[in-house]
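So the structure is just underneath, and the comments pick up after that.
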Amino acid sequence: MAENLPVKLYEQIPHTADLALKVYGPDLKGLFENAAFGMFDIILEKEGPVSGKKVKIEVSAPDEGTLLIDWLNELLYVYRETRSSLGGFSVNSVTSTWVSGTAFTGDKGETGEKKEIKAATYHDVKIRPSGDGLETIIIFDV
Amino acid sequence: MTRAFAGKLEKVDDCKWRIPRTYMDGMRVEGLIYADENMIPGILGDNAPQQVANAAHLPGIVRASIAMPDIHWGYGLPIGGVIATDIDSGGVVTPGGVGYDINCGVRLLRSDISASSASRNIKKLLDTLFSTVPAGVGSTGDIHIGAKQQKEVMVKGAAWVVEKGYGWQSDLENCEENGAIDGADPETVSERALKRARAQLGTLGSGNHFLEIQLVDEIYRPEIAEAFGIKEGMITVMIHTGSRGFGHQICTDYASEMIKLSGKYGISVPDRQLSCVPVKSSHGRDYLGAMRSAANFAWGNRQAITHLVRTSFEKVFGESAASMGMTLVYDVAHNIAKLEKYTVDGKERVLCVHRKGATRAFPPGDEALPARYKASGQPVIIPGDMGRYSYLLAGTSLGGETFYSTCHGAGRCLSRTAAVKAARGRSISGELEGKGIFVRWTGRDTLAEEAPSAYKDVTRVVDVVEKAGISAKVARMKPLGVVKG
C-alpha cells in the first residue's frame, strides 16, 4: 500500500527566528526543483504559473549545498527583478557545481504574495541521502 | 526541527554562562551568554549556543563569542550575537555576523502630545499612518530615486533625506553615526542591489518591522530620562525597519562570494554562513564598503519614515510636528559591523565589532555621543512585543566587557509556525484591543506570527542587562497603537 501514499516534496519545520524547509527529492534534480517549489509556496498566496514565458537560470558554486542556496537566491532575485510570479520550476541539468533550469513567469496580481523571504541562507545546509533519494533543510531569513 | 544544544553551559555568575573552549575543536575563545537562571532551559532547548560556539572559530576573534539575553537561533551568528575581531591580527569580517537586513534598527521620537489626546485620536492616527507609510511585503514608496541619487544616499544616509527637506538637522545629531557611517563605497555595490533599492526608501517592509505609538508609563532614572527628553505620560513613536531589499541583496552577493573565497584565504569555519575574509584584505574592504552603503540607506529609510510619521501626526492633530515637540531621541543599528577601538590585553586595538541582533551602548563621556548625551550615556532603544512593553536604556561604563553592546529586543521564543498554530481560532487584534492596543497590519499571518506570546518577556531581558551592568534602565513604554508590515 505504501506506493499509494502521496510523496512528500517539502515541509515547513519549526525555526525560532526564521523559516525552515525540509526538502526531499529522488535525486539532485528533483531536490533542486522541490526546493524552488517549496520556497515559492512560502512566498505566494496561490500556486505559481504553470505555463507562460520561460526564464532560464544558470548558477555555479563550489559544492552542491552552496549551489542549492545560490539557485534559490537566483530565483528570488529574478522574482524581485521581473516583478512577476514564478512557477513551473524545472532543472534541465545539474552537477555538484553547476545547475541550469527554467521557470515560468506570470502575473503577480494573480498569485499574490503572503511572505517576504530576504534570502535562503547557507546555515548548516547539508544534502543527505534519505531512503531512495535525498533530503536537506534550508533556513530562510524572513 | 529545533534541536537542543548538545553541550553544557557553565555558570559564571547570576548573569553569565560560559561555553568552554573545550566544547569544540578549533574554538579560539570561549562562548559567553548573558542570561539568568530562568532563561537557561529555553536557551538550551534552542540550538543558538551552538552558533555562539561556531562563531568562536573566527580568525582574530578576541575575548569571547558573546550573546545577549535575547539570544535565539538564527543563521551564522545567533540573534543576539556579538563578536569582535582584531583587524591587525588577521581579524575577519563575515556577512553572517551582520545578517541580510543590514542596519536593521530602531529609532524613537518623543512628543508633547498629551496621552488623552493621543488616546482619543488613536484609531485616526493609525489609519493615517497606515495609509501614509508604505508597509507590507515588497512595499514601495513615493520617493523614487535614480542611480546617481541612490549613490548619494549610500554615502550621505539620513543627511541626504534631510537635505531634501524630509527632516531636521537635530535628527542627524541624535542618530548613531549621525545617520551615515564613513567608508561607504557605492562602487562595491552590485547592479542587482542598486535595482532592488529603487522605490524602497521610506518603506517599512514586513515581518517584525513596525511603527508603534507608545505611552511612557514608568521612569527608572529621572535624571537620564530628562537628558533624553522623556517623562512619564509622554507619547513616543518607535520605528523599526532596515535597509530593505538593497541590504538583502548586498548580503546575498557577499555571502556567496565569501564561500568561494574561503580557499584563497585558507579559512575554515564550521558553518558556511560564517564564511569570512580578513578585514584588511581587498575583499574585506569591498564588503565593508558595500555593507556601509546599505547601513546608510537604512538610516535614510528610517529618516524618510520619520518624515511620514511627522506629516501623519500633523494631519491628525492640525499642528506642526515642531510645535508638538516631535524630536528624535535616538536611532540605533542592531545588525551591523563597525571598526571600534578597545584596549585588549593592555594594548589598544582596532576591532571589527559585529552586532547581529545586538545594540551599541556607548558609556557616558564617549566622544561619539552628542553633547546632550555625554553625561547620560547613549540612549539604547529596546523594542518588546506589541502587547507588553518596550524600553529605553542608557549605555554604561561596565559595558566595555561586551564591547559596549547590549540586547536588541525581546527575542522570539516560538517559531512562526508554532505562533500561527497557537493563534488559531483566536483574534489577536481583538485580544490586543481588549488591552487598549489597536493594530493595523497587512500580511495574512503577520499578527499571529508576531503575537505577544511568540516573544520572550522583554522585561526579563532588560533586567538581565541591567543586573549585569552593561546598560541601565531609563524608561518603559507601553504600546497604544501598532502598524505592522
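Letters go in sequence order (proteins before strands), and every chain restarts at 1. As the structure is a computational prediction, the values presented were derived from the model and not from experiment. Note that these values count all heavy atoms, side chains included, but never hydrogens, waters or copies made by symmetry.
Within 6.0 Å of NZ in Lys46(A) there are 12 or fewer heavy atoms belonging to other residues, nucleotides or ligands. The number of heavy atoms from other shown groups lying within 6.0 Å of CD (Glu47(A)) does not exceed 12. No more than 12 heavy atoms of other residues, nucleotides or ligands sit less than 6.0 Å from atom CG of Asp132(A).
Without hydrogens or angle criteria, Arg272(B) side chain to Asp124(A) main chain gives no donor-acceptor distance under 3.5 Å. Put simply, the side chain of Arg412(B) gets close to the backbone of Thr16(A): a donor and an acceptor are under 3.5 Å apart.
The shortest side-chain heavy-atom distance between Ile69(A) and Gln273(B) does not fall under the 4.5 Å cut-off. No side-chain heavy atom of Gln12(A) sits under 4.5 Å from any side-chain heavy atom of Arg416(B).
Looking only at heavy-atom pairs under 4.5 Å with chain A, the residue among Thr417(B), Leu274(B), Asp271(B), Leu414(B) that has the most is Asp271(B). Here Thr66(A) is the residue among Thr66(A), Leu76(A), Asn73(A), Leu19(A) with the most heavy-atom pairs under 4.5 Å with chain B. Across Ala48(B), Ser275(B), Ser256(B), Gly207(B), the residue that shares the most heavy-atom pairs under 4.5 angstrom with chain A is Ser256(B).
Closest approach of His72(B) and Ala17(A) over heavy atoms only: CD2-CB, 3.4 Å. Smallest separation of non-hydrogen atoms from Ala119(A) and Tyr100(B): CB-CE2, 3.1 Å.
Of residues 189-197 of chain B, those residues lying under 4.5 Å from chain A by any heavy-atom pair are Arg192(B), Lys195(B), Arg196(B). Identified by a heavy-atom distance below 4.5 Å to chain B, the contributing residues of residues 81-97 of chain A are Glu81(A), Arg83(A), in residue-number order.
Of the two parts of Ala255(B), the backbone and the side chain both hold a non-hydrogen atom closer than 4.5 Å to a non-hydrogen atom of chain A. Contacts between Lys115(A) and chain B at a heavy-atom distance below 4.5 Å involve backbone atoms as well as side-chain atoms.
Between the CG atom of Asp18(A) and the CD1 atom of Ile79(B) there is a distance of 6.0 Å, given to the nearest 0.5 Å. To the nearest 0.5 Å, atom CD1 of residue Ile139(A) and atom OH of residue Tyr75(B) are 11.0 Å apart. Separation of atoms CG (Leu77(B)) and NE2 (His123(A)) is listed at 11.0 Å; rounding is to 0.5 Å.
Counted by atom type alone, Glu116(A) and Ser206(B) present one or more donor-acceptor pairs between their side chains at under 3.5 Å.
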Audit row: Asp101(B), Lys118(A), side chain to side chain contact (heavy atoms under 4.5 Å, CB included) steps and yes/no: CA-CA 8 Å; Asp101(B) 196 357; Lys118(A) 293 172 188 162; 3.8 Å; yes
